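Below is one structure, written out as structure tokens; comments come after it.
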Amino acid sequence: SPPAPPPHLVRVPQEQPTIQAALALLGADGGVVEITDSGRYEESLAIDVPAGKRVELRAADGCRPALMLGAPMSLAGGDDAEIRLSGLLIANAPLQVAAQPGNRLARLSLVHCTLVPGLALQSDSTPTSPDAASLLVEIADTAVVLERTISGALRIDPDATLQATDSIIDATAATAVACAAPDGYSAGAAIQWTGCTVIGKIHARSFTLISNCLLLARLAAADPWPAPVIAQRRQQGCVRYSCLPESARAPRRYRCLPESAASPALAAPRFTTLRYGFAGYAQLDAASGAQLLQGADNETQPGAFNFVFHAQREANLRLRLDEYLRVGLEAGILHGS
């Protein structure tokens, strides 16, 4: 958060019983709505930010509220306006930056949020709407930023930009569309991803930078897509230290898998589970290819858990175990999820 205090800070549910009522109190100067419990809020929300202002909807420290939307959450703003969502679980409907008159929202930031892949879960933990997008941006020049966030499929205007760090983008299947234009087929926003796991096909205007990422995508039978990963402009940008399909139409690659592996088996990804809601979601299994598990530029695994430095932590632990184990004892490591 910025060091200066917000112009207005409204707390839910102490000061207002609903989130929409709190947003209405912010006025023309913008401000912050803070949810101070881990409750379930069933509302239809709309945020409209005045030009040059910022509105933040966030969870208080230690809280994890669930927003069960009754309709798509409308996000809009004037020139140089910003919306920031932090620490929220959002389900049942997508976020939408609609192409409506006067909507010139400049920046949308999602930090430590979860936009449930497939919008919601059924009783057997399968997604209720596996083909639905979690975020739709239908206007140009909006900068979308994801940080430590889980999201479903993204549909973003080709003249917008998408930046993601340490995040999971999950279209619920490797053959589904994870990132594209609002029509779900054409080239979407220019993307810059660092340390991300993406499940599903990708069609972007350009790959400004793909670094330490794990792109799990493949074509279905009779698929109209020419390749599972497509950058429309391949003369610019770079893909480095990432795992992506060999048939991907991407800009120049550097130390990418599986082509840089000594054998395909050394770069084969295996996951604990790819089902959202289960422990170990999107976590690479220890049975994955050895070269993949240390395939990032920091010699640990690429993908959303790159920042954990799993390989280094395990190596340090084994080194210390050898030092401190009593004679005749052996130690094994059981990986948590």
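It should be emphasised that the depicted structure is a prediction, and the values quoted were computed from it without experimental measurement.
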| remark: Rounded to the nearest 0.5 Å, the CD1 atom of I168 sits from the SG atom of C196 at a distance of 9.0 Å
| message | Within the structure provided, determine whether S109 and E147 are in side-chain contact (heavy-atom separation under 4.5 Å). | response | no
| So do the side chains of T194 and Q163 get within less than 4.5 Å of each other, counting heavy atoms only? | no
| query | Any side-chain heavy-atom pair from F271 and Y281 closer than 4.5 angstrom? | reply | no
| said: Taking CD in E323 as the centre, count heavy atoms belonging to other residues, nucleotides or ligands within less than 6.0 Å. Is the count above 12? | reply: yes
| query | Please walk me through it: do R11 and L9 pass side chain to side chain contact (heavy atoms under 4.5 Å, CB included)? | reply | CA-CA 7 Å; R11 292 183 173 86; L9 174 60; 3.3 Å; yes
| field | CD1 on I169 to CG on L154, rounded to 0.5 Å | value | 5.0 Å
| field | Test side chain to side chain contact (heavy atoms under 4.5 Å, CB included) applied to R240 and L209, step by step | value | CA-CA 8 Å; R240 63 188 296 275; L209 176 66; 3.9 Å; yes
| query | Do R155 and V177 have side-chain heavy atoms sitting under 4.5 Å apart? | reply | yes
| query | L110 and side-chain contact (heavy atoms from CB on, under 4.5 Å): which partner among L146, V145, I150, V144? | reply | L146
| said: Taking I230 as the starting point, is it possible to reach L162 by hopping between hydrophobic residues whose side chains are less than 4.5 Å apart? | reply: no
| query | Are V239 and L214 in one and the same hydrophobic cluster, where Ile, Leu, Val, Met, Phe, Trp and Tyr link if side-chain heavy atoms are under 4.5 Å apart? | reply | no
| field | Whether over 12 other heavy atoms sit under 6.0 Å from D61 CG | value | no
| Distance from T126 atom OG1 to L121 atom CG, nearest 0.5 Å? | 7.5 Å
| query | Are the side chains of V229 and V198 in touch, meaning some heavy atoms are under 4.5 Å apart? | reply | no
| said: Between L292 and L274, is there shared hydrophobic-cluster membership here, with clusters defined by ILVMFWY side-chain heavy atoms closer than 4.5 Å? | reply: yes
| said: Taking side-chain contact (heavy atoms from CB on, under 4.5 Å) as the criterion, tell me which of V116, L85, L119 meets it with I90. | reply: L85
| For A22, does its backbone N or O pair with a side-chain atom of E15 as donor and acceptor, under 3.5 Å? | no
| Just by modelled atom types, is the A98 backbone N or O under 3.5 Å from a matching donor or acceptor in the N103 side chain? | yes
Please list, one pair per line, the donor and acceptor atoms closer than 3.5 Å that link side chains of residues 129-138 to other protein atoms, with sequence neighbours excluded.
| from | atom 1 | to | atom 2 | distance (Å) |
| --- | --- | --- | --- | --- |
| S134 | OG | G152 | N | 3.2 |
| E138 | OE1 | A99 | N | 3.3 |
| E138 | OE2 | Q96 | NE2 | 3.1 |

| request: Ignoring hydrogens and angles, tell me if any N or O in the side chain of T197 forms a donor-acceptor pair with the backbone of A304 under 3.5 Å. | output: yes
| query | A262 and Q291: which non-hydrogen atoms are nearest, and at how many Å? | reply | N-OE1, 3.3 Å
| remark: In terms of heavy-atom contacts, P50 and A81 come closest through O-CB, 3.6 Å
Let me check something: any side-chain donor-acceptor pairs from residues 24-37 under 3.5 Å, sequence neighbours excluded? List them with distances.
| from | atom 1 | to | atom 2 | distance (Å) |
| --- | --- | --- | --- | --- |
| E34 | OE2 | R58 | NE | 3.0 |
| E34 | OE2 | R58 | NH2 | 3.2 |
| T36 | OG1 | V12 | O | 3.1 |
| T36 | OG1 | Q14 | OE1 | 2.5 |
| T36 | OG1 | Q14 | NE2 | 3.0 |
| D37 | OD1 | G39 | N | 3.2 |
| D37 | OD1 | Y41 | OH | 2.8 |
| D37 | OD2 | Y41 | OH | 3.2 |

| Can you tell me how far the NE2 atom of H203 sits from the CD1 atom of I191, to the nearest 0.5 Å? | 10.5 Å
| request: Of all the heavy-atom pairs spanning T273 and A279, show the shortest one and how long it is. | output: CG2-O, 3.5 Å
| query | Checking N306 side chain against P302 main chain: does a donor-acceptor pair fall under 3.5 Å? | reply | no
| task | Would you kindly confirm whether L216 and W193 end up in one hydrophobic cluster when ILVMFWY residues are joined by side chain heavy atoms under 4.5 Å apart? | result | no
| Between N92 and E42, does a side chain to side chain contact (heavy atoms under 4.5 Å, CB included) hold up when you go through it step by step? | CA-CA 10 Å; N92 287 352; E42 298 184 7; over 6 Å; no
| query | Quick one: does D141's side chain have a donor or acceptor within less than 3.5 Å of a partner on R104's backbone? | reply | no
| request: Measure the spacing between OG of S242 and CG of D297 and express it to the nearest 0.5 Å. | output: 9.0 Å
| remark: Value for CZ (F305) from CG (D166), rounded to nearest 0.5 Å, stands at 10.0 Å
| Does some side-chain heavy atom of V308 sit less than 4.5 Å from a side-chain heavy atom of R313? | yes
| query | Heavy atoms, side chains only, cut-off 4.5 Å: are Y276 and I199 in contact? | reply | no
| said: Between E43 and I19 (side chain of the first, backbone of the second, donor and acceptor by atom type, cut-off under 3.5 Å), is there such a pair? | reply: yes
| request: Please determine if R54 and E56 form a salt bridge, counting it only when a charged side-chain N lies under 4.0 Å from a carboxylate O. | output: yes
| request: Could you tell me which non-hydrogen atom of G87 sits nearest to which non-hydrogen atom of A59, and how far apart they are? | output: O-CB, 3.4 Å
| request: Write down the atom of C256, the atom of Y241, and the distance for their closest heavy-atom approach. | output: SG-N, 3.9 Å
| message | Assess, by modelled atom type and distance only, whether the side chains of T300 and N298 contain a donor and an acceptor separated by less than 3.5 Å. | response | no
| How about Q283 and T272: does a side-chain donor come under 3.5 Å of a side-chain acceptor? | yes
| request: Quick one: do L23 and I47 satisfy side chain to side chain contact (heavy atoms under 4.5 Å, CB included)? Show the steps, please. | output: CA-CA 7 Å; L23 289 168; I47 302 177; 3.7 Å; yes
| Side-chain (S288) to main-chain (L293) donor-acceptor, under 3.5 angstrom | no
| Within-4.5 Å side-chain heavy-atom neighbours: F207 and C213 | no
| Looking only at heavy atoms, what is the nearest atom pair of P127 and G118, with distance? | CB-CA, 3.8 Å
| request: Give a yes or no answer on whether the side chain of R205 reaches the backbone of P158 with a donor-acceptor pair at less than 3.5 Å. | output: yes
| said: I'd like to know if the side chain of R255 pairs up with that of S260 as donor and acceptor (distance under 3.5 Å, no hydrogens or angles considered). | reply: no
| Is there a donor-acceptor contact under 3.5 Å from the side chain of T175 to the main chain of R218? | no
| query | So if you build clusters from Ile, Leu, Val, Met, Phe, Trp, Tyr with side-chain heavy-atom gaps below 4.5 Å, do I139 and M73 land together? | reply | yes
